Every structure is written in structure tokens, then in C-alpha cells.
There are 2 protein chains.
Amino acid sequence: MMSKKCKYAIKALICLSENYQQGNMFTADIAKKGNIPKKFLEQILLDLKHAGFVGSHQGYRGGYYLIKAPKEINLAEVYRVFDGAIALVPCVSVNYYEKCEDCTDEVSCAIKREFAKIKEQSRLIMKEINFKTFIE
Amino acid sequence: MMSKKCKYAIKALICLSENYQQGNMFTADIAKKGNIPKKFLEQILLDLKHAGFVGSHQGYRGGYYLIKAPKEINLAEVYRVFDGAIALVPCVSVNYYEKCEDCTDEVSCAIKREFAKIKEQSRLIMKEINFKTFIE
DNA sequence: AATTAACTCTATGTATTTGGTAGAATTAAT
DNA sequence: ATTAATTCTACCAAATACATAGAGTTAATT
């Protein structure tokens, strides 16, 4: 399962995609529209900013806006920011590789072999889904 | 990511698959072979028993053995026992359906629409992988 | 019959993650 | 100067993950 944080992030990005190139949006409005706790959403939008998906204007009448075109943001990269690896085991992750603690021989590991296939399929489908597909 | 419990369960099932129709195995031996904490493995094997994958003999020289043929056990069903839904959002899960708390209109929800595709792909690939594929 | 070595079951414990809140600081248009 | 927004850091409670502990049950062997 995906974390709520990640789901909220996706909802926020959908909101901002619908408003793409039409100025910024208030956190409060995104929160209301997406039914997301405002203070929690603030954190999420900051994360999205640090990750380079959104930009912000501070001060009176400030807010958030999408930097990249909706089509140029895919689900895989957003997922990774909030929930980390797409892979189900760390040893097959490209972006978050870690050796499994219990593993004695990674080369011959059947779990690694099979879960590499799963990861690759998941990665491909999540890469195909972008925020234009969400708002259509 | 998959829980360690689920990974340990898969490792145990691989062990038992390799020993299919050759009598039972001791928890201690599976634990040693899989580098799994024995007491934790005991719980897991019990869960696998309650889920109908393995059988056991009690008492002196007792142990666990696979009930179903390795080919007849797929990854999707094992995953569900330990980590629950394959779906990334509860609203697209068949076996663990729940309405999302923050959802206002499930019918028009773009997240539901897109994540249903992801779930279906994941489900298919995980169903294809069985324990014969693991031991080959 | 006693011993031994296995599974069974329930309770407990600790560390991490998740989901969120609080509040002060900063910024900039009005 | 005021107002209304973002920024940043700290904190907190509940749930989950990852075990460990120990008593009880079972059945082959001696």
C-alpha cells in the first residue's frame, strides 16, 4: 500500500496540473479540494518543492504552482520521493539498493531473480502514467 | 517494500518446495538455511499452516511439509497473507477493498482509475510466479 | 513410564514509521 | 503597518514491524 502522504501528494499534483500555467494556488484551496489536512499538506508541498516538481511564491497572495508540464511528471518519480523504492525487496532496487540482511548469496538468489521482474514491470507501468493522464 | 515476515515466508516455502514429497522439515533447519530468527519463523510457519499452504506433524521428529504442489502456490496469494492487498490504494483492491477516507467521489476518481491498472498488472505478474519457478 | 524434541499458542517488548499538530519565522503585496 | 501567504523545525500519538519469551501440547524413542 501507498502511504497517505504519497496519495495526498498525487492529489495535490493533480490539482496543480489542472491549474497549470494559470498562476499559483493556495495551500488552503488545495487542502479543501483534496480533503487533505492543511498543515500536513504544507509539509508535502514543501517536499514537492524540494524535489523540483513545484515552485512557490511567498508572502501575501503567494502559493504553489507546477514547474514541469503535467505530461513530464510521471508516477514513478513522485512515488519514490514519498514512499521510496518501487521494488518489493531492496536488493533489486536501482534507486534505493541495499543488500538484504538475511541474504547469503545474492547472485544465486531466486527471490532476487523473480522480484527483479516484478520491479521492472511496476517501474514501466508507473513511468507510463503521468499527470496528463490523470487530468484527462 | 515487502515486510521481512513476507520475505521469510517465501524463503520458507522455497525450502519446503525443494523438499516437496520428501517428508517434513524442522523449523530449526529452515531457520538455519534461510538465515531467519527461529522463533519468528515459528510464527510464520503457523500462519502458513493456517492459510493452508503447509501441514505439520507434532511431537518428536515432527516438522513442516508442503501440502500443495510448488506449482500450485503463487506469489500473489502468499503476499496477501502477510502483507495484505497487492493494490496501492484500498479502493482498487478486490480482496481488501476499503473506501478511501479522503475520497469524495469514487466513480470519477482519477487516482482510482489509474491505480486500478497498476494493481491489475501487479496481480497478473505475481500470480504467474509460483514456487516451481522459484526452485528452478 | 520417562524423556526428549518437536510444534502450538499467547503475551510481551522495542524501534520505526505513519499521520498529523504546533508555532515561530520569513516574505511580500496591499 | 498590516495581512496573508510560505518556510522550517520540533514534537506527539498511534500503528506497524520485527521480533523474543515462555508455558503448553504432542508423539516417537528409550
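Note that these values count all heavy atoms, side chains included, but never hydrogens, waters or copies made by symmetry. Letters go in sequence order (proteins before strands), and every chain restarts at 1. This is a predicted model, so every value here is computed, not measured.
- The salt bridge (Lys or Arg N to Asp or Glu O under 4.0 Å) test with B:Asp102 is passed by exactly one of A:Lys5, A:Lys7, A:Lys4: A:Lys7.
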Short heteroatom pairs, N/O only, protein and nucleotides 11-19 of chain C, under 3.5 Å:
from: C:dG19; atom 1: OP2; to: A:Lys4; atom 2: N; distance (Å): 3.0

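- Here C:dC7 presents its C1' atom at 14 Å from CG of B:Leu48, a figure rounded to the nearest Å.
- Within 4.0 Å (heavy atoms only), B:Gly62 reaches sugar-phosphate atoms of the nucleic acid but no base atom.
- Salt-bridge formation is detected for the pair B:Lys117/B:Glu114: a Lys NZ or Arg NE/NH1/NH2 atom is positioned less than 4.0 Å from an Asp or Glu carboxylate oxygen.
- Within the 3.5 Å criterion, the main-chain N or O of A:Cys91 finds a donor-acceptor partner in the side chain of A:Lys112.
- Linking Ile, Leu, Val, Met, Phe, Trp and Tyr whenever their side-chain heavy atoms come within less than 4.5 Å puts B:Met25 and B:Tyr20 in one cluster.
- In this structure, A:His57 atom NE2 and C:dA29 atom P are separated by 9 Å, rounded to whole Å.
- The CG atom of B:Leu45 sits 12 Å away from the C1' atom of C:dT8 (whole-angstrom rounding).
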B:Tyr64 vs B:His57, ring-ring contact (aromatic ring centres under 6.0 Å, His included): CA-CA, chis, key distance, verdict: CA-CA 7 Å; B:Tyr64 289 94; B:His57 287 128; 9.8 Å; no
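- By the 4.0 Å N-to-carboxylate-O rule, B:Arg123 lies close enough to B:Glu120 to be salt-bridged with it.
- Within residues 25-39 of chain A, the residues having any heavy atom closer than 4.0 Å to DNA chain C are, in order of number, A:Pro37, A:Lys39.
- A:Leu66 and A:Leu75 fall within the same hydrophobic cluster, defined by Ile, Leu, Val, Met, Phe, Trp and Tyr side-chain heavy atoms under 4.5 Å apart, directly or through other members.
- Taking 4.0 angstrom as the limit, B:His50 places a side-chain polar atom (N or O) nearer than this to OP1 or OP2 of C:dC9.
- The footprint of chain B on DNA chain D, defined by a heavy-atom cutoff below 4.0 Å, extends from D:dC18 to D:dT29.
- Applying the 6.0 Å contact sphere to CD of B:Glu136 captures more than 12 heavy atoms from other residues, nucleotides or ligands.
- Taking atom CZ of residue B:Arg61 and atom P of nucleotide C:dA6, one finds them 9 Å apart after rounding to whole Å.
- Salt bridge status for B:Lys33 with B:Glu18: present, with a side-chain N to carboxylate O gap under 4.0 Å.
- In the displayed structure, A:Glu106 atom CD is contacted under 6.0 Å by more than 12 heavy atoms of other residues, nucleotides or ligands.
- Side-chain N or O atoms of B:Asp29 include none that pairs as donor or acceptor with a backbone N or O of B:Lys32 at under 3.5 Å.
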